Amino acid sequence: MSETDERRQEHPPPDCAPQRLLLVCPSPRLAHEAVAAGFGVRVLADAHQPHDGTLPPVPVDLVDFTDDTAVTEAIEASVRRYGTERLLASAGSAELPAVTDTAARLGVCPNPPDAARLLGEPAAMRALLNGSRHSYVAAARARTARELPDAVEEIGAPVTVRPLAPLPQDSALRPVGTPGEHSYLVEEYLQGPEFGVVTLTVDGMHRVVGIVALRGAWPARSGSLFPAPLGERDEAEVRAITTELLDLAGYEFGFAYTVVVLTANGPRVVRSQARYPDEPVASLIELATGFCAEAELVQALAGKPVQPPTADRCAAVVFYRLPAGRLLSVWGLEAVSELPGMHEVHFPYASGDDIPGAGCGAEGYVMLTAASAHDAAQTVAEAQRLLHAEVSPRSEPL
């Protein structure tokens, strides 16, 4: 093959064919929406988690995502052999250097290679914001667990401790410790209600899709409510600090989910990710507005202007946690499911199952819609009154 022919193969000439899009670890819904929007779709999926047959009939390449070389080669093949023009990464793959760096080098990534990392890595995000001084949070890095007491003393209790990814064995940042040991980010504890800000960015312009009330932001403290009951000034400040973070990270395209604490000294960012929020929070905006995240994302990629949705009702999800032990019986699930506006009752246990305790296993939840935040809180209270579970402590004989 001549050099000219090779260049033609690597960069196919423009024609009337659909824009070719490589979706990395997409949800089936995203793949279907991309096909429906007219893209020529190809999927790069994890060989260790093959899809369940719900993807549309498009080419699927399987790759081991723990093998950076294999990931790089798969993306290069998609671009050079099949003419991929754009790449969208999902399910955490957007933060993999093998994905972001390769896509940026080949000119198919809508974001700079470091944008997702600067949002998703706690230490990188905190350094970014502290450099701007607009959302300053005192923080210190502990390179090993043995350094944690000193870092806590430096910041002053109370603090929040975040485990970071293990440092490489040959990292200059680890003069002591064992291979694979975590380092830690120690931050001052932020007190106040939490809010989740969902944004969709196109060509560097950030649109706030919605703000979700999280911990301490509405009466049901163990759940989330959309839209968040925020005053005009507080909402403006929460929006401003979120979009500032996206600007600082150089984020150019896609969804982001940023958690903000409204402290007595103003809003402070807790964490952020270059992705739509996980379920069940992800469903709240759609229930209240009809907004389909996957459809809006591919339409934005196709050049359609982003129109933030308007809520015509409230949507809420509330978690319930059972004490550790063995579940003997549960009653009231059917009565809860028949409450007005109830969308889903998720109870992950059956009689006889072990309950591992809060934070150690699956959690149940109810998801509902209501005309107002007050009505949602009343329905939640009624669900809590109706639902009962009998749990035997592990120390008792069955």
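Quantities reported herein were computed from a predicted structural model and do not represent experimental measurements.
Atom CG of Leu185 sits about 8.0 Å away from atom CE of Met125, to the nearest 0.5 Å. For the atom pair OG (Ser135) and CG (Asn265), the distance works out to 11.0 Å, reported to the nearest 0.5 Å. Note that CZ of Arg239 and CG of Asp234 are 13.0 Å apart. Values are rounded to the nearest 0.5 Å. Here the CD1 atom belonging to Ile355 is positioned 5.0 Å from the CG atom belonging to Leu327, to the nearest 0.5 angstrom. Between atom NE2 of residue His343 and atom OG1 of residue Thr369 there is a gap of 8.5 Å, rounded to the nearest 0.5 Å. Atoms OG and CD, on Ser27 and Glu294 in that order, are 4.5 Å from each other to the nearest 0.5 Å.
Note on ring orientation: taking the six-membered ring where Trp is involved, the planes of Phe255 and Phe291 are perpendicular (angle over 60°, cut-offs 30° and 60°).
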Just do the side chain to side chain contact (heavy atoms under 4.5 Å, CB included) check on Val137 and Leu129 with the steps written out, would you? CA-CA 8 Å; Val137 174; Leu129 284 169; over 6 Å; no

In sequence, state the C-alpha distance, the side-chain angles, and the governing distance for Val79 and Leu22, and then conclude on side chain to side chain contact (heavy atoms under 4.5 Å, CB included). CA-CA 9 Å; Val79 173; Leu22 178 64; 6.0 Å; no

Evaluate side chain to side chain donor-acceptor pair (under 3.5 Å) for Thr199 paired with His206, printing each intermediate quantity in order. CA-CA 6 Å; Thr199 52; His206 317 299; over 6 Å; no

Just do the side chain to side chain contact (heavy atoms under 4.5 Å, CB included) check on Val318 and Trp218 with the steps written out, would you? CA-CA 11 Å; Val318 177; Trp218 74 298; 3.9 Å; yes

Ser283/Glu279 under side chain to side chain donor-acceptor pair (under 3.5 Å): CA gap, chis, key distance, verdict: CA-CA 6 Å; Ser283 293; Glu279 293 291 356; 2.7 Å; yes

After noting the C-alpha distance and the side-chain angles of Glu296 and Arg29, does the key distance pass the salt bridge (Lys or Arg N to Asp or Glu O under 4.0 Å) rule? CA-CA 12 Å; Glu296 291 296 328; Arg29 190 176 184 182; over 6 Å; no

Could you walk me through whether Cys314 and Asp375 pass side chain to side chain contact (heavy atoms under 4.5 Å, CB included), step by step? CA-CA 9 Å; Cys314 288; Asp375 290 347; over 6 Å; no

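Linking ILVMFWY residues whenever their side-chain heavy atoms come closer than 4.5 Å, directly or via other members, leaves Ile211 and Leu225 in distinct clusters. A continuous path of hydrophobic side-chain contacts links Leu386 to Leu368 [ILVMFWY only; heavy atoms under 4.5 Å]. Leu246 and Leu297 fall into different hydrophobic clusters, where Ile, Leu, Val, Met, Phe, Trp and Tyr are joined by side-chain heavy atoms under 4.5 Å apart, directly or via other members. Residues Leu21 and Val63 fall into different hydrophobic clusters, defined by Ile, Leu, Val, Met, Phe, Trp and Tyr side chains chained together at heavy-atom separations under 4.5 Å. Placement of Val391 and Tyr349 within a single hydrophobic cluster is found when ILVMFWY residues are connected by side-chain heavy-atom separations under 4.5 Å, directly or transitively.
Distance alone, capped at 3.5 Å, is enough to place a donor-acceptor pair between the Thr289 side chain and the Ile285 backbone. In this structure, Thr201 contributes its side chain and Gly204 its backbone to no donor-acceptor pair below 3.5 Å. Of the possible donor and acceptor atoms, none in the side chain of Arg313 sits under 3.5 Å from a partner among the backbone N and O of Ala371. Formation of a donor-acceptor pair under 3.5 Å by the Glu188 side chain with backbone atoms of Ala138 is found in this model.
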Using distance only, find each side-chain donor-acceptor pair of residues 100-120 under 3.5 Å and give its atom names and separation, not counting sequence neighbours.
{"from": "Thr100", "atom 1": "OG1", "to": "Leu96", "atom 2": "O", "distance (Å)": "3.3"}
{"from": "Thr100", "atom 1": "OG1", "to": "Pro113", "atom 2": "O", "distance (Å)": "3.4"}
{"from": "Thr102", "atom 1": "OG1", "to": "Thr72", "atom 2": "OG1", "distance (Å)": "3.4"}
{"from": "Thr102", "atom 1": "OG1", "to": "Ala98", "atom 2": "O", "distance (Å)": "2.6"}
{"from": "Arg105", "atom 1": "NH1", "to": "Glu76", "atom 2": "OE2", "distance (Å)": "3.3"}
{"from": "Arg105", "atom 1": "NH2", "to": "Glu76", "atom 2": "OE2", "distance (Å)": "2.8"}
{"from": "Asn111", "atom 1": "OD1", "to": "Glu252", "atom 2": "N", "distance (Å)": "2.5"}
{"from": "Asn111", "atom 1": "OD1", "to": "Phe253", "atom 2": "N", "distance (Å)": "3.0"}
{"from": "Asn111", "atom 1": "ND2", "to": "Phe253", "atom 2": "O", "distance (Å)": "2.7"}
{"from": "Arg117", "atom 1": "NH1", "to": "Glu121", "atom 2": "OE1", "distance (Å)": "3.4"}

Taking distance alone, no hydrogens or angles, what donor-acceptor pairs closer than 3.5 Å link side-chain atoms of residues 334-342 to residues at least two apart or in another chain?
{"from": "Ser337", "atom 1": "OG", "to": "Glu334", "atom 2": "O", "distance (Å)": "2.6"}

Distance-only check: which donor-acceptor pairs under 3.5 Å involve side-chain atoms of residues 34-50, not counting sequence neighbours?
{"from": "Arg42", "atom 1": "NE", "to": "Asp61", "atom 2": "OD2", "distance (Å)": "2.7"}
{"from": "Arg42", "atom 1": "NH2", "to": "Asp61", "atom 2": "OD1", "distance (Å)": "3.3"}
{"from": "Asp46", "atom 1": "OD1", "to": "His48", "atom 2": "N", "distance (Å)": "2.9"}
{"from": "His48", "atom 1": "NE2", "to": "Asp64", "atom 2": "OD1", "distance (Å)": "3.2"}

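For the pair Val99 and Leu87, the minimum side-chain heavy-atom distance is below 4.5 Å. The shortest distance between side-chain heavy atoms of Val186 and Thr160 does not fall below 4.5 Å. A 4.5 Å side-chain heavy-atom check between Ser224 and Leu284 finds at least one atom pair inside the cut-off. Taking 4.5 Å as the limit, every side-chain heavy atom of Arg215 sits out of range of all side-chain heavy atoms of Pro193. Side-chain contact check for Val260 versus Thr242: some heavy-atom pair is nearer than 4.5 Å. Contact check for Asp278 versus Tyr257: no side-chain heavy atoms found under the 4.5 Å cut-off. For the pair Leu245/Ser272, a side-chain contact is recorded, criterion being any heavy-atom separation below 4.5 Å from C-beta on. Contact annotation: the side chain of Val161 approaches that of Tyr184 to within less than 4.5 Å [non-hydrogen atoms, C-beta and beyond].
Taking both residues in full, the closest heavy atoms of Arg326 and Gly352 are given as CD-O, 2.6 Å, listed atom of the first, atom of the second, then distance. A pairwise comparison of heavy atoms in Arg143 and Glu147 identifies N-OE1, 2.9 Å as the closest pair. Considering all non-hydrogen atoms of both residues, Ala151 and Ala142 come closest at CB-CB, 4.2 Å. Taking every heavy atom of both residues into account, Pro280 and Val317 meet most closely at CG-CG2, 3.7 Å. Across all non-hydrogen atoms, the minimal contact from Ala228 to Phe195 is CB-CD2, 3.8 Å. Here the closest heavy-atom approach between residue Arg141 and residue Ala123 is recorded as NH1-CB, 3.8 Å.
Counting heavy atoms of neighbouring residues, nucleotides and ligands inside a 6.0 Å radius, atom CG of Asp203 does not exceed 12 of them. Within a 6.0 Å sphere centred on CD of Glu286, heavy atoms belonging to other residues, nucleotides or ligands number more than 12. Within a 6.0 Å radius of NE2 in His374, other residues, nucleotides and ligands contribute 12 heavy atoms or fewer.
Taking the ring centroids of Tyr365 and Phe347, they lie at or beyond the 6.0 Å cut-off.
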